[in-house]
Each structure stands twice: as structure tokens, then as C-alpha cells.
2 protein chains.
Amino acid sequence: MRGYDKHAFEPFAVTVDLAVLTLRAGALHVLLVERGQEPYAGRWALPGGFLLPEESAETAARRELAEETGLADVTGLHLEQLRTYSEPARDPRMRVVSVAFAALLPNPPEPRGGGDAAEARWVPYDKAQGLAFDHDRILADARDRVGAKLEYTCLATAFCPAEFTLGELQGVYETVWGTALDRPNFRRKVLATPGFVEPVPGAARLTGGRGKPAALYRAGPATSLHPPLPRTPREGRPA
Amino acid sequence: MRGYDKHAFEPFAVTVDLAVLTLRAGALHVLLVERGQEPYAGRWALPGGFLLPEESAETAARRELAEETGLADVTGLHLEQLRTYSEPARDPRMRVVSVAFAALLPNPPEPRGGGDAAEARWVPYDKAQGLAFDHDRILADARDRVGAKLEYTCLATAFCPAEFTLGELQGVYETVWGTALDRPNFRRKVLATPGFVEPVPGAARLTGGRGKPAALYRAGPATSLHPPLPRTPREGRPA
DNA sequence: CGTCTTTATAGTCGTAGTGACTATTAAGGG
DNA sequence: CCCTTAATAGTCACTACGACTATAAAGACG
């Protein structure tokens with residue numbers, strides 16, 4: 001079977017599924033929708049939908065992201081293809097091949113209900129279990145990918161608003177990894193990485209609570225982290 | 001468009017494309033097939049083909065790998081999903097969504113011609129340009145992915161036969177990365193990583209050429225490399 | 001108005017990892 | 001028998017990092 005040509009081919013339905021992750025109240029949350037129809041009626045699922053005839057998977061994913069979050073502008077958001085799930089039995093009705101994406105949001109908006117009656121809701125990651133289809137697996141893969149990329153990329157700023165403190169940035173790592181990091185060491189490492197964060201020159205303080213006001217930073221132009229930020233600050237699993 | 005249900009869906013053709021990489025004569029090679037039909041007749045392309053009705057993409061990829069290489073047993077070979085390419089215009093005939101894989105081979109066999117007349121051939125990576133469809137892009141992505149995974153995983157042994165010398169293992173890194181590594185430092189690093197390689201106890205030497213015979217090693221159980229093997233031994237780009 | 005708490009920031013110290021070397025060993029080629 | 005080649009052993013200095021202590025600047029609470 002060389003070069004697509006010789007044989008008849010089976011038509012497949014192609015969808016995108018989105019693991020939209022954000023931080024709310026110091027916990028990792030994922031956007032879920034409640035299914036209205038069979039199969040899996042009443043179960044929670046990752047938002048997603050069919051590819052339109054003239055769309056790439058990336059285009060469809062960004063369209064779905066806008067629809068489900070209700071955000072007017074999703075162009076700046078981090079959207080990343082995870083992998084494609086194609087087990088023959090993953091949808092009981094027919095062959096559905098799904099291209100999965102992970103999306104990262106800074107300030108989580110309240111999800112609006114889309115055009116249909118399905119409900120969308122932010123759910124803590126730990127409670128997002130028993131999802132429809134193979135979405136448990138997709139969601140776990142998304143978290144693994146994001147956690148891994150925090151180590152060697154500057155992805156963490158995608159969870160933060162335009163201006164943020166180093167404490168907030170550290171909270172991203174601690175929340176996604178589930179480990180505590182030493183604050184002075186984290187600070188030293190981040191500031192020593194050129195282009196990771198840039199200080200906001202003028203108004204360099206922000207406070208919502210107690211303690212000394214923290215300086216504000218913006219995301220810098222760097223995308224990779226060399227050497228990586230290790231996952232083992234106090235406790236941690238071995239290699 | 002929630003949960004797959006509401007709208008009619010477009011049927012797509014789904015294929016797998018394989019970037020089969022190996023080392024021949026100290027250079028990275030990729031397995032290419034010559035296309036017999038339009039579009040891109042006479043051009044070289046990555047091997048691949050349609051998903052069968054009851055196959056996952058992984059199953060189809062491994063089947064194609066066996067067909068194209070002529071190897072009887074491909075179960076032990078490293079096969080890894082890269083990403084899915086779904087641009088609407090990537091195939092001029094129709095909507096074809098392709099799930100791309102990277103495969104790594106130790107001893108490259110001479111490719112056999114498959115059932116059809118198309119020719120398969122090992123081509124040096126640097127000369128594999130002007131491929132059909134978006135296969136230039138897929139091939140470049142495969143090389144990027146493999147190169148990156150060499151840094152922080154034990155993937156390099158997938159390019160080596162069952163027993164190999166540390167010099168051969170170092171050659172994998174140098175060939176894929178295109179950089180020279182310091183031999184004593186490489187040796188120290190590899191041996192200091194538990195589970196990366198294990199010495200072959202009995203006959204611990206092999207020679208095909210000049211020089212002191214090298215000890216033989218096998219791949220160990222470890223899969224990740226902590227801390228990673230940095231890409232900058234003598235010369236190298238900055239972070 | 002002071003003290004306590006909280007958070008940010010500054011700095012110190014010892015160690016592990018590593019880049020850059022040099023030296024030695026064991027083979028083959030002329 | 002030397003020369004070359006490649007593997008292996010070992011040294012040394014520097015840097016990054018984990019662990020830790022100290023100081024600064026805010027609000028809370030009496």
C-alpha cells in the first residue's frame with residue numbers, strides 16, 4: 001500500500017478534542033461539557049467537535065476553544081496538538097479519529113453555554129474522572145505533556161496574565177507538579193534564564209493581600225529553558 | 001458544536017505516514033518510496049497508506065513498517081506518533097488527514113519492493129528534499145523530535161543493535177545532532193546514568209577495525225535521562 | 001503605635017555535575 | 001618495531017543548584 005493510491009479507503013469521521021487547562025484558586029482545572037445525547041448521555045466530556053470541510057485540525061481546535069470559552073480573542077492563547085486517538089472502538093457509533101489538543105488559559109472566564117443546551121463548567125483536575133469516550137486518557141496525557149514541558153520550556157507564563165509576580169509563576173509550577181519549590185532558588189533560576197521573564201519597568205508592584213509587594217514581570221521572548229528547571233526541589237520521585 | 005452530536009460531519013480519508021530513520025555509514029538515512037501515480041508521480045515520498053477499517057493508527061503504522069522494510073518482526077522497533085497533519089490542501093485530490101509516525105531502526109535492511117511496483121530506498125537525510133505532499137515538513141519534524149528526545153531519554157539505543165559499544169552509541173548522538181562530543185565525558189555521563197546501558201558480562205569485546213577493542217553494552221531498563229545529556233559539547237548554539 | 005505575621009528579596013555555603021584536558025592501554029598497519 | 005587508532009582512566013577548575021539564613025516591606029491586630 002504505497003502512496004495512498006492503490007486501494008479503496010474507508011471514510012472516517014475526524015474530530016478535535018480539547019483539554020482546556022487553567023488555574024483557579026490554586027488548583028488545576030479543566031473545562032468540561034455535559035453530554036446531552038447518547039452515547040454517554042449525562043456524562044462529562046472534553047469539549048470538541050467535527051472538523052469542517054475546509055478546516056485544519058488546528059483551525060477547528062481554535063474555533064472550538066472560542067466557542068466553548070466564550071472568549072472573543074483566543075489568538076494569543078497557547079494551543080498545542082497532543083496526539084491523535086484512533087482506536088476502532090473509542091466511539092461506539094462509528095469510526096471517529098480524534099486529534100487532541102491542550103489549551104492553556106490565564107484568567108479563566110466563566111464558561112458560557114454554547115448554542116446548544118449542553119452545560120460547560122470548570123472542574124478540578126482531580127475530580128475530572130469517568131469522562132465519556134477515552135477522554136480520561138486524553139486528559140491525563142494533556143497533564144503529563146504540560147507538566148513535562150514546564151521543565152524545559154517557558155510554557156508556565158501561558159497560565160499567567162500579561163503581568164505577574166514571581167510568586168504567581170512559582171505557583172504555576174507547584175500546582176501543576178504538585179510539589180513545593182524553594183522560593184529563593186526558584187527566583188534565582190528564573191531570573192538567571194535570559195528572556196524567560198522581563199521586569200515591568202514602571203509600576204513594579206502589586207498587592208492583593210499581606211506581605212511585601214512583589215515586582216511585576218512579563219513573559220520574555222525565550223521559549224526554551226536551558227538547563228531545565230528540575231522537578232525535585234524538596235521531595236520528588238527519582239529519575 | 002458540543003460532544004460530536006448535533007451536526008452532520010464530513011468524511012475524511014485517514015492515512016499514516018512513516019519517517020523511518022536509521023544510521024548508515026555514519027549518516028542519518030530515511031526510507032523513501034517513489035510514487036507511481038499522480039499526484040506527485042515520480043517524486044519521492046514517505047511510506048504510508050490508508051487506515052484499514054478495524055485498525056488504529058498505531059496498528060496501521062506498524063503494519064506499514066513491516067511491509068515497507070520487509071522485516072519479519074517489527075515488534076521491538078521504536079515507533080512513535082509525531083503529530084497529525086490536516087491542512088485542507090495537503091492532498092490535491094481530497095481531504096486526507098495523516099497521522100505521522102517516526103520509526104527508528106538499528107541495522108537497516110535493504111528495503112524490498114512491496115507488492116506493487118513502487119521502489120523503496122534509503123536516502124541520506126540531507127538529500128531527502130522536494131518530497132511529495134507535506135512530507136518535507138513531516139520529515140523535518142521527525143528529525144527535530146528524535147534529536148530532542150536524545151537529550152532527555154534513552155532513545156539512542158533504538159538506533160543500535162542488541163549489543164553495541166559506547167563509541168557506537170556516541171556516534172548516534174553525533175550523527176543525529178551533527179556535533180562532536182568529547183569521548184571521555186560522554187562515557188562518564190552514560191555510565192553514571194543508572195539503567196541506561198548494561199555491560200555484556202562474557203565476551204566483552206568487538207572489533208572490526210583498528211584500535212583497542214571496546215566493551216559491549218546492552219540497552220538498560222531506564223527510559224529517561226536525568227539530568228539530560230546536553231547538546232553543547234564543544235561547539236553549539238546557545239539556549 | 002507597636003508587635004506579629006506574611007511575603008518578597010538578598011545572600012551564603014557546600015556539593016554534584018560537567019567541560020576541558022592529559023595519560024595510559026590495547027589493538028592493527030606498515 | 002614504531003606509528004596510528006581507538007578505548008579507557010583520571011585530573012582539575014568552574015558552575016549550577018539544593019539547603020539554608022537574613023533582611024525588607026507590607027497588612028493584621030491588639
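Bear in mind the structure is a predicted one, so any value in this text is a computation, not a measurement.
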Student: Which atoms of nucleotides 28-30 of chain D (N or O only) lie under 3.5 Å from a protein N or O atom, and what are those distances?
Tutor:
none

Student: State which of D:dA26, C:dT9, D:dG18 makes the closest approach to the side chain of A:Ala215.
Tutor: C:dT9
Student: Within the distance-only criterion (no hydrogens, no angle test), does the side chain of B:His29 pair as donor or acceptor with the backbone N or O of B:Leu23 below 3.5 angstrom?
Tutor: no
Student: With respect to the side chain of B:Pro227, which nucleotide from C:dT18, C:dT9, C:dT25 is positioned closest?
Tutor: C:dT18
Student: Report yes if a donor N or O on one partner sits less than 3.5 Å from an acceptor N or O on the other, where the partners are the side chain of B:Arg188 and the base of C:dG19; otherwise report no.
Tutor: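 A donor-acceptor contact between them is present.
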Student: Can you check whether B:Arg183 has a side-chain N or O nearer than 4.0 Å to OP1 or OP2 of D:dA6?
Tutor: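 Answer no for this pair, as no side-chain N or O of B:Arg183 is under 4.0 Å from OP1 or OP2.
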Student: With salt bridge (charged side-chain N to carboxylate O under 4.0 Å, His left out) as the test, would you mind laying out the steps for B:Arg43 and B:Glu34 before giving the verdict?
Tutor: CA-CA 6 Å; B:Arg43 297 275 281 278; B:Glu34 193 172 14; over 6 Å; no
Student: Kindly say if A:Lys189 contacts the phosphate of D:dC17, meaning a side-chain N or O under 4.0 Å from OP1 or OP2.
Tutor: yes
Student: Between A:Phe133 and A:His135, how do the two ring planes meet: parallel, tilted or perpendicular, split at 30° and 60°?
Tutor: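 Rings of A:Phe133 and A:His135: tilted, 30 to 60°.
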Student: Heavy atoms under 4.0 Å, any strand shown: does B:Arg187 hit a base, just sugar-phosphate, or nothing?
Tutor: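 Since only primed, P, OP1 and OP2 atoms lie under 4.0 Å of B:Arg187, the category is sugar-phosphate.
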Student: What nucleic acid atoms does A:Pro184 come within less than 4.0 Å of, heavy atoms only: base, sugar-phosphate, or nothing?
Tutor: base
Student: Cation-pi between B:Arg137 and B:Tyr85: NZ/CZ under 6.0 Å from ring centre and within 45° of the ring axis?
Tutor: no
Student: Nearest to the side chain of B:Lys212, which nucleotide is it out of D:dC20, C:dT7, D:dA6?
Tutor: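 Of D:dC20, C:dT7, D:dA6, D:dA6 is nearest to the side chain of B:Lys212.
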Student: Do A:Phe164 and A:Tyr217 have ring centroids that are under 6.0 Å from one another?
Tutor: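 No, ring centres 6.0 Å or more apart.
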